[in-house]
4 protein chains.
Amino acid sequence: MGVYERQQKEKKILEAAIHLFSEKGFHATKVDEVAKKARISKGLVYFYYKSKEDLYMAITKKGVDELKEIFNKAFGKPKEKTGLEVMTDLAESYLSFARDKKVFHDAILHFLGLLDQYQVDKEKLNPLILNSQYFTKLVQSHHDLAKLGIKAISTGIKDGSIRPDLHAESTFYTLWSMMIGYCRISGSVSLEPGEIKINTESWKNGFIKLFFEILKGSSTPSVSQPVQGKLF
Amino acid sequence: MGVYERQQKEKKILEAAIHLFSEKGFHATKVDEVAKKARISKGLVYFYYKSKEDLYMAITKKGVDELKEIFNKAFGKPKEKTGLEVMTDLAESYLSFARDKKVFHDAILHFLGLLDQYQVDKEKLNPLILNSQYFTKLVQSHHDLAKLGIKAISTGIKDGSIRPDLHAESTFYTLWSMMIGYCRISGSVSLEPGEIKINTESWKNGFIKLFFEILKGSSTPSVSQPVQGKLF
Amino acid sequence: MGVYERQQKEKKILEAAIHLFSEKGFHATKVDEVAKKARISKGLVYFYYKSKEDLYMAITKKGVDELKEIFNKAFGKPKEKTGLEVMTDLAESYLSFARDKKVFHDAILHFLGLLDQYQVDKEKLNPLILNSQYFTKLVQSHHDLAKLGIKAISTGIKDGSIRPDLHAESTFYTLWSMMIGYCRISGSVSLEPGEIKINTESWKNGFIKLFFEILKGSSTPSVSQPVQGKLF
Amino acid sequence: MGVYERQQKEKKILEAAIHLFSEKGFHATKVDEVAKKARISKGLVYFYYKSKEDLYMAITKKGVDELKEIFNKAFGKPKEKTGLEVMTDLAESYLSFARDKKVFHDAILHFLGLLDQYQVDKEKLNPLILNSQYFTKLVQSHHDLAKLGIKAISTGIKDGSIRPDLHAESTFYTLWSMMIGYCRISGSVSLEPGEIKINTESWKNGFIKLFFEILKGSSTPSVSQPVQGKLF
DNA sequence: AATGAATGAGTCTTCATTCAT
DNA sequence: TATGAATGAAGACTCATTCAT
């Protein structure tokens, strides 16, 4: 069996797992089901992935890779876009990704939690996770991701499309935080009873406004921001 | 057995569960352990709480209630503080809460996820959660929480300590998002290799700066902001 | 449930396990089967015994205890028997035990193997075995056993029924070795084709003769040894 | 592929298996590992050996053959040694073999157990063992072994180096029993707490003494026995 | 001859939940 | 109220063996 066929099979398993994890979550999904969905035997799943956790790490890796791909695309051809435009596309892509590929986004956040725990007390981490070949790879990939975001802001600062007084790194992480938090709670905002004057739509607008004010400054809040039109 | 004794016992169970969930997480904690820690029998745990999930909902409820208490305290006596000062205290309290009472914060975020799922597809929610008496109560409590935050911003807008062009509701949710995201990823930022010029400390400063710019506007970024000194 | 009932249930499980291990061996016996045979659920087996290995250690413990009991009985009332007579009964009992309670005897030999391994490389021992409460207890019990055998020989030496030039300890272990080896191969001797002039019966006699020569000396090989008549 | 290459491959597999079984035991060794160690594929292992059990029987056969070889060497050139000298060498070789080639010795004892079971209830024997071509061959080889031992004693009786009143067959089996038992428990004797006055060394001496008394009689226990010096 | 992907029955073990007392 | 013995459905993972290539 060639390398290609093997990769195809790996992919098949991954897709089955992604589908089921999306549907029911990691815990509720049984390896048996993944095998059935991929139309192979349970044993073969374990032939390709050392454990259920390894499989999840593989999914996480795929998630980070897809996101990296998306980020790279946002940059477009060199000099084609201003840094702010790139950031706009980045934000837009990110939120679409978080919405449409929830498993991936959740997996990435879960991975960030692992990194946290890794520093606090490595011993407490599930060894099945720690031993996953994908775990190590993820550390690098996730780093690449952050670099892309930071690069976008740096570019914007240089080309004047983003406020010059910003610190690229901390700004990126702050904006990322905003988006993560937004994804986390946007779903529940629409439940707010009438008493609170907000709905998904109005919050989205408010959120976007503040998001870009951070990049451009709030000195000209009245100026129209056409570039935002692309967002969401 | 009087009402008082009953409440004491409930409290004992809750405390045991909180302690264990903090230590090992929901899944890794066995009901047996909770019972043992509370020095009662497993059966009695089920007498007071319908299921492990019910117990977790009770914890979530307690978390929301504690946070509400904290928020209320931030307001202080009427007219004592400006809206901005209240928001500052609110943010500070929130981040302390998220750090020191991680179980509660996680539980609250988990609950927001449930609310989200509730709207998407009620059927998929774990019935043990849905049937918990605490679940319904939580919907209201959580709402109270949001109202307090929004009130702080409204107050600030009225008393001039916060930018007048802000929409209180969406600003509150945006700031909340920022904090949630911050809690989520601050742990992993310190792992960034040297290439990325950031560490926990420098990001915290950058984050705070942007957080308050949102409330006050960035037109005067050079002006010192003593009120921020209290934060973190 | 009283202590008595609990012990009864433990006993029931143990008996079921003993029966099945005798029939099919440790590996071939499934915990499920033990449960079924004891007419309880699989879970309850694990309630009483931490693991299959723990169960096996419990059986071993029971085996050693039964053997100790048998040994104690062989001593009879003080001054009732000579040391040689005790040894005769001891040998007889031992071989009956090894034949009739093969599981126990095998378990004991297995345990001796564990002790060996324990000294060579403790780390390689199955932790399920090492953590069994019965393992520790066994070390002591097994020691008691050896002491009884040695005591019999010492007594014989003192009362003149056993050769005075023997070293009680090494003689006991040597005789024990003989019996262990005898049990191990006696089954296969009867398979020897006609060319070899031996069968189970004739070897047994030869074995007994040599066994007692060790204790009494071979200077009087022609003297009848009435005491041996009891053996087998 | 020529017969030679085939045999080489078989040998390679066997060596790999012997090494792994020594290290981890039969159960803990996976066929996969054997294949990897032999640098061939798992499938090929099954081409040469019908089953894992068949492989074990092949190892057993090799063990018996090696032991036979060793026994043959002990005889030396005709008339070169007395029967007692041969027995001494035989015993020495046997114990070295049991110590240094533990897998083989264990395999042989396991085989004797199979023979035993074979007579009791053939049906209960693992068919994979029963169908092994090596099983049948073993029955004969094992028989040859016994014959060699018996021959040594007969020779000794004839040449006067061994007591004339001994029955060669049963004496051989008795001595073999002793050695088997000795191998079995010598490892655990050193664990005996101080209360029992024995250690590995002192028992070894006691054991040797009794072993040779059986062959020579105990009438002259004080006479030095230079021939024993070679033992162990 | 040789490979190694594929199978799937088999196994131990866990644990939320119940219920007789 | 309170206990804790009892249940049994899961579930992750293993591995000897087969077979298409």
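Proteins get letters first, then strands, A, B, ... in listed order; numbering begins at 1 in each.
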## Note on the structure
When rounded to the nearest 0.5 Å, the distance separating CG of L128(A) from CG of D54(A) is 8.5 Å
Output the rounded distance in Å from [atom1] ([X]) to [atom2] ([N]).
{"X": "L44(C)", "N": "dT13(E)", "atom1": "CG", "atom2": "C1'", "result": "14 Å"}
{"X": "D54(C)", "N": "dT13(E)", "atom1": "CG", "atom2": "C1'", "result": "14 Å"}
{"X": "K42(C)", "N": "dG10(E)", "atom1": "NZ", "atom2": "C1'", "result": "11 Å"}
{"X": "L55(A)", "N": "dG11(F)", "atom1": "CG", "atom2": "C1'", "result": "15 Å"}
{"X": "R6(A)", "N": "dT3(E)", "atom1": "CZ", "atom2": "P", "result": "15 Å"}
{"X": "N131(A)", "N": "dC13(F)", "atom1": "CG", "atom2": "C1'", "result": "15 Å"}
{"X": "E10(A)", "N": "dA5(E)", "atom1": "CD", "atom2": "C1'", "result": "13 Å"}
{"X": "F47(D)", "N": "dA1(E)", "atom1": "CZ", "atom2": "P", "result": "5 Å"}

### Query
Is D32(A) paired with K36(A) through a side-chain N to carboxylate O contact shorter than 4.0 Å?
no
### Query
Charged N to carboxylate O below 4.0 Å: is that the case for K37(C) and E15(C)?
no
### Message
From the set dT17(F), dG4(F), dC12(E), return the single nucleotide nearest to any side-chain atom of E53(D).
### Response
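Given the options dT17(F), dG4(F), dC12(E), the side chain of E53(D) is closest to dT17(F).
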### Nearest-nucleotide comparison on DNA chain E, the residue closer to the 5′ end among K52(C) and V45(A)
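Nearest-nucleotide comparison on DNA chain E picks V45(A).
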### Task
Could you label the plane-to-plane angle of the F135(B) and Y118(B) rings as parallel, tilted or perpendicular, counting under 30° as parallel and over 60° as perpendicular?
tilted
### Query
Does K52(C) count as lying over the ring of F26(C), i.e. NZ or CZ under 6.0 Å from the six-ring centre, within 45 degrees of the axis?
yes
### Message
Both conditions, 6.0 Å and 45 degrees, for the charged tip of K137(D) above the ring of Y134(D): are they met here?
### Response
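Geometry flag: set, cation within 6.0 Å and 45°.
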### Message
So if I take residues 26-41 of chain D and measure heavy-atom distances to DNA chain E, which residues fall below 4.0 Å?
### Response
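Heavy-atom contacts with DNA chain E come from I40(D), S41(D).
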### Query
For atom NZ of K24(D), is the number of surrounding heavy atoms from other residues, nucleotides or ligands below 6.0 Å larger than 12?
yes
### Query
Mapping K50(A) and Y48(C) to their closest nucleotides on DNA chain F, which lands nearer the 5' end?
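So the residue in question is Y48(C).
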### Task
Output yes when a side-chain donor or acceptor of S132(C) lies under 3.5 Å from a complementary backbone atom of M57(C), and no otherwise.
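Not a single qualifying donor-acceptor pair exists.
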### Task
For the pair T60(A) (side chain) and I108(A) (backbone), establish whether a donor and an acceptor sit closer than 3.5 Å, ignoring hydrogens and angles.
no
### Task
Respond yes when some side-chain nitrogen or oxygen of Y46(B) is under 4.0 Å from OP1 or OP2 of dT3(F), and no when none is.
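Indeed not, no polar side-chain atom of Y46(B) lies that close.
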### Message
Is K9(C) close enough to dA6(F) that one of its side-chain N or O atoms is under 4.0 Å from OP1 or OP2 there?
### Response
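True: K9(C) side-chain N/O within range (under 4.0 Å) of dA6(F) OP1/OP2.
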#### Entry: C1' atoms of dT21(F) and dA1(E), separation to the nearest Å
13 Å
#### Entry: Pairing stems for DNA chain E [at least three consecutive pairs; Watson-Crick or G-U; under 3.5 angstrom]
E:2-21 with F:2-21
